2 protein chains.
Amino acid sequence: MDDEKKSRHSANVTADDVALAAGVSRWTVNRAFKKAASISPKSREKVMTAAEALGYVPDLRAASLASDRSNLVALLIDDFANPHKLVMLERLTRALRRKGWDTLLVNTLDREDAAPAILNASQRRVDAAILIGIQFDDDVLEAALRARRFKKLIIFARTSENPDTISISVDDIKATQEIAAYVLARGYKRPLFLAGPRTYSAHLLRLETFVDSWQRATGDTPENISVAEYDPILAADAAYKTLSALPPQARPDIIVCENDALAIGTIDTIRHRLGLRVPQDIAVIGFDDVPQAESPNYRLTTYRQPLTDMANYLVDVLESAEDIDFDRTFTGRLVTRESA
Amino acid sequence: MDDEKKSRHSANVTADDVALAAGVSRWTVNRAFKKAASISPKSREKVMTAAEALGYVPDLRAASLASDRSNLVALLIDDFANPHKLVMLERLTRALRRKGWDTLLVNTLDREDAAPAILNASQRRVDAAILIGIQFDDDVLEAALRARRFKKLIIFARTSENPDTISISVDDIKATQEIAAYVLARGYKRPLFLAGPRTYSAHLLRLETFVDSWQRATGDTPENISVAEYDPILAADAAYKTLSALPPQARPDIIVCENDALAIGTIDTIRHRLGLRVPQDIAVIGFDDVPQAESPNYRLTTYRQPLTDMANYLVDVLESAEDIDFDRTFTGRLVTRESA
DNA sequence: TTGTAAGCGTTATCAC
DNA sequence: GTGATAACGCTTACAA
């Protein structure tokens with residue numbers, strides 16, 4: 001009769017089974033698996049022994065369904081060309097796991113599929129969505145906001161002006177000002193700014209800040225170009241096109257890149273297609289401090305974001321029930337190597 | 001009274017609400033959201049209109065709980081230094097999503113936390129676990145197998161001899177033989193094989209096959225070294241240590257690397273620490289064909305795995321209910337560029 | 001084609 | 001500290 005009850009699926013060990021074996025109620029079994037439980041050590045002991053023997057572990061789906069908290073976040077990413085994303089993935093998943101959060105990885109690279117993918121994540125009733133991509137324009141954001149099961153929508157490592165989102169990022173203005181000051185202090189005269197996609201305003205902050213700082217300091221307006229994606233190969237092509245069209249004396253003496261992915265492509269082009277040296281002929285500066293940046297090949301001067309702190313703060317935000325403005329900017333630091 | 005019923009949580013739109021609005025039963029509502037449904041177009045129409053109006057979407061947790069299929073897989077990864085993993089992540093999540101599968105990203109880099117992380121994924125009742133890491137030794141595998149809710153345990157892009165796992169990979173022996181033949185045909189005389197971690201037998205296949213092929217063809221045994229992780233920086237150090245200790249005439253004329261991450265670090269060292277040229281002084285060959293491999297900087301000759309085919313096959317395996325041997329090897333191809 | 005009723009394995013509530 | 005009981009929102013028979 002008990003057997004009949006669970007005959008539909010291949011017998012699955014539930015809290016009831018453990019309760020029976022341990023001679024307690026189901027409630028006690030569940031309590032035993034909680035951290036802060038009002039349960040006697042003796043009961044817990046009994047339960048744990050029985051659970052161990054039966055191979056019982058709580059079913060998180062059922063827990064989520066009953067409690068309306070999933071302890072699951074969706075990580076939306078649309079950028080797989082930038083190795084920095086791998087670092088972010090590692091830091092985020094680590095920080096989340098440590099506090100009991102699981103991560104649903106959602107690939108929104110395919111623009112057509114982005115909205116359905118987001119909707120799908122919302123159907124898993126994730127507690128929050130974290131955006132670590134780059135092409136998150138209004139469409140995607142709109143889709144995410146419309147699929148409004150997301151209690152929190154967090155833009156990680158990028159600023160956002162959307163009031164419905166929580167932005168956890170480095171202070172781009174401060175960082176770029178620091179970069180500009182460094183470029184100036186090192187005596188460079190003709191900087192070129194290499195930017196990423198300029199479709200959305202948030203992406204322009206570093207460019208604008210740099211141009212602004214430089215103008216203020218020198219009166220000159222630096223040149224700038226942009227590429228459609230944060231892809232080293234596109235950056236290499238763009239840099240080649242611009243540089244090869246210039247006579248040597250008109251060449252920039254430093255290229256300030258919006259991030260390391262672009263900087264690395266740029267260095268490759270300077271050396272291998274133009275036959276010039278970095279930094280002697282043209283210096284290069286990046287942003288992110290990807291692992292590659294410290295390889296003997298690049299020795300890239302770049303700006304490092306405090307990713308671990310940012311990830312930990314993100315988890316705090318997730319755990320907080322308050323309804324406040326969680327936006328926060330962090331301060332990183334310039335890592336100076338030999339490329340500039 | 002209806003209000004009372006759903007008072008516990010902030011009113012959530014359920015299939016019942018839609019059924020009421022559409023004047024059908026809950027069953028019909030659920031059916032309307034299935035692809036292959038025995039439902040009249042008229043009913044579906046009614047349901048969809050009501051659902052749209054109410055903002056209803058099915059709750060996948062409840063669906064999973066009731067059906068004992070989660071359409072969720074756990075992707076276990078412990079390697080965030082190799083950019084190739086980003087490509088794999090993209091391909092896998094794309095192929096999975098296309099067929100309605102979601103991906104739980106599980107970071108098992110922290111060895112202490114690996115087993116708990118795997119257990120945790122099993123508590124979400126994922127339908128399968130996919131291993132795309134490298135350090136999956138017996139401990140981790142054991143933990144995954146013990147957390148035996150995984151209906152399938154798939155080792156992706158790496159061979160495994162464990163009979164309880166499904167291995168979807170490229171034919172390493174064939175691939176390595178092809179590489180050896182290429183090296184031979186190009187007239188190289190003193191190859192050095194740079195291998196990854198040699199802790200586990202599966203990792204040794206490429207090394208052993210290369211050594212074997214070379215011996216067979218020339219009678220000589222090639223030198224080999226190994227590094228503890230697939231990390232370009234470690235590879236750079238290891239290569240430097242070995243090469244700098246050798247007089248020029250004893251230097252290898254080609255370094256065959258177990259993968260591109262190692263090859264890239266090796267090239268960096270050859271050029272920037274030893275001041276030699278690739279391929280004129282020392283050629284380098286890799287495995288994987290990471291995006292970087294085609295950059296003008298590296299122009300790496302390497303072996304490309306048919307990742308998309310492999311990912312699609314993986315999805316087929318997931319969908320299959322048969323109980324057969326799903327192991328399968330694919331054949332890639334050597335992409336020849338200028339590094340060797 | 002459609003409806004009904006009984007699960008799925010938890011958590012929440014409220015007594016004891 | 002512990003136990004019963006009703007949700008949570010869906011799927012799966014089986015009946016109509």
Side-chain angles (χ1 to χ4, degrees), chain A residues 1-20 22-47 51 54-71 122-125 149, chain B residues 1-20 22-47 51 54-71 122-125 149:
Chain A
M1 162 163 133
D2 217 45
D3 282 356
E4 272 179 63
K5 260 195 152 184
K6 54 183 171 185
S7 64
R8 238 178 65 194
H9 302 312
S10 62
N12 197 17
V13 183
T14 77
D16 279 324
D17 301 329
V18 178
L20 193 67
V24 298
S25 74
R26 178 168 73 226
W27 182 93
T28 307
V29 174
N30 290 166
R31 265 325 187 211
F33 278 88
K34 298 269 177 261
K35 288 185 172 179
S38 50
I39 183 178
S40 70
K42 218 179 89 188
S43 295
R44 169 172 270 155
E45 174 73 27
K46 269 197 300 187
V47 169
L54 294 172
Y56 167 79
V57 282
D59 183 327
L60 260 29
R61 298 170 305 180
S64 167
L65 185 58
S67 70
D68 212 35
R69 265 179 300 98
S70 61
N71 276 286
S122 87
Q123 290 185 247
R124 298 254 175 216
R125 301 298 188 261
R149 314 262 177 175
Chain B
M1 155 167 140
D2 217 46
D3 282 355
E4 272 178 64
K5 259 196 152 183
K6 53 183 170 184
S7 65
R8 238 176 68 193
H9 301 313
S10 62
N12 198 18
V13 183
T14 77
D16 278 325
D17 301 329
V18 178
L20 193 66
V24 298
S25 75
R26 178 169 72 223
W27 182 93
T28 307
V29 173
N30 290 166
R31 262 336 192 200
F33 278 88
K34 297 269 179 264
K35 287 184 171 181
S38 50
I39 183 177
S40 70
K42 219 179 87 186
S43 294
R44 170 172 270 155
E45 173 73 28
K46 271 197 299 188
V47 169
L54 294 172
Y56 167 78
V57 283
D59 183 326
L60 261 28
R61 297 171 304 181
S64 166
L65 184 57
S67 70
D68 213 36
R69 267 180 299 97
S70 62
N71 275 285
S122 87
Q123 289 185 248
R124 298 250 175 221
R125 300 298 189 260
R149 313 265 176 170

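A note on names: the letters A, B, ... follow the listed sequences, proteins ahead of strands, and every chain is numbered from 1. Keep in mind that what you see is a predicted model, and the values were worked out from it rather than measured.
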CZ of A/Arg125 versus P of C/dT11: gap in Å, rounded? 19 Å
Separation of atom CZ in A/Phe33 from atom P in C/dG9, rounded to whole Å: 15 Å
So if I take every side-chain heavy atom of B/Ala66 and compare against C/dG3, C/dC8, C/dG9, which nucleotide ends up nearest? C/dC8
Below 3.5 Å, does any donor atom in the side chain of B/Arg26 face an acceptor in the base of C/dT2, or the other way round? no
Between atom NZ in B/Lys34 and atom C1' in D/dT11, what is the gap in whole Å? 8 Å
To the side chain of B/Ser67, which of D/dG3, D/dT11, C/dT4 is closest? D/dT11
Measure from the side chain of B/Asn30, starting at C-beta and using heavy atoms only, and say which of D/dG3, C/dT10, D/dT11 lies closest. D/dT11
Is B/Arg31 side chain donor-acceptor paired with the C/dT2 base, going by distance under 3.5 Å alone? no
Whole Å only: how far is the CZ atom of A/Arg44 from the P atom of D/dG1? 11 Å
Could you tell me whether A/Arg61 contacts a base, only the sugar-phosphate backbone, or nothing, with contacts defined as non-hydrogen atoms closer than 4.0 Å? nothing
Evaluation steps, side-chain contact (heavy atoms from CB on, under 4.5 Å), between B/Lys46 and B/Val24: CA-CA 9 Å; B/Lys46 271 197 299 188; B/Val24 298; 4.1 Å; yes
Please report the distance, rounded to the nearest Å, between CG in A/Leu65 and C1' in D/dA7. 9 Å
A/Thr28 side chain near A/Val47 side chain, heavy-atom distance below 4.5 Å: yes
Contact summary for A/Arg44 and A/Lys34, nearest pair of heavy atoms: NH2-O, 2.6 Å
For A/Trp27 and for A/Ala15, find the nucleotide of DNA chain C with the closest heavy atom, then tell me which residue's nucleotide is more 5'. A/Ala15
Of the listed nucleotides C/dT13, D/dT5, D/dG9, the one nearest the side chain of B/Thr14: D/dG9
Between C/dT1 (P) and B/Lys46 (NZ): distance, integer Å: 15 Å
Going through the checks in order, is the side-chain contact (heavy atoms from CB on, under 4.5 Å) test met by B/Val13 and B/Val57? CA-CA 8 Å; B/Val13 183; B/Val57 283; over 6 Å; no
Side-chain contact check for A/Ala63: nearest option of C/dT10, D/dT12, D/dC10 is C/dT10
Could B/Asp68 and A/Arg61 be called an ion pair, given the rule that one side-chain N must be under 4.0 Å from one carboxylate O? yes
Whole angstrom value for the distance that separates C1' of C/dA6 from CG of B/Asp68: 16 Å
Whole-Å distance, B/Leu20 CG to D/dG9 P, equals 15 Å
Would you mind classifying the nucleic acid contact of A/Asp59 as base, sugar-phosphate or nothing, using non-hydrogen atoms under 4.0 angstrom? sugar-phosphate
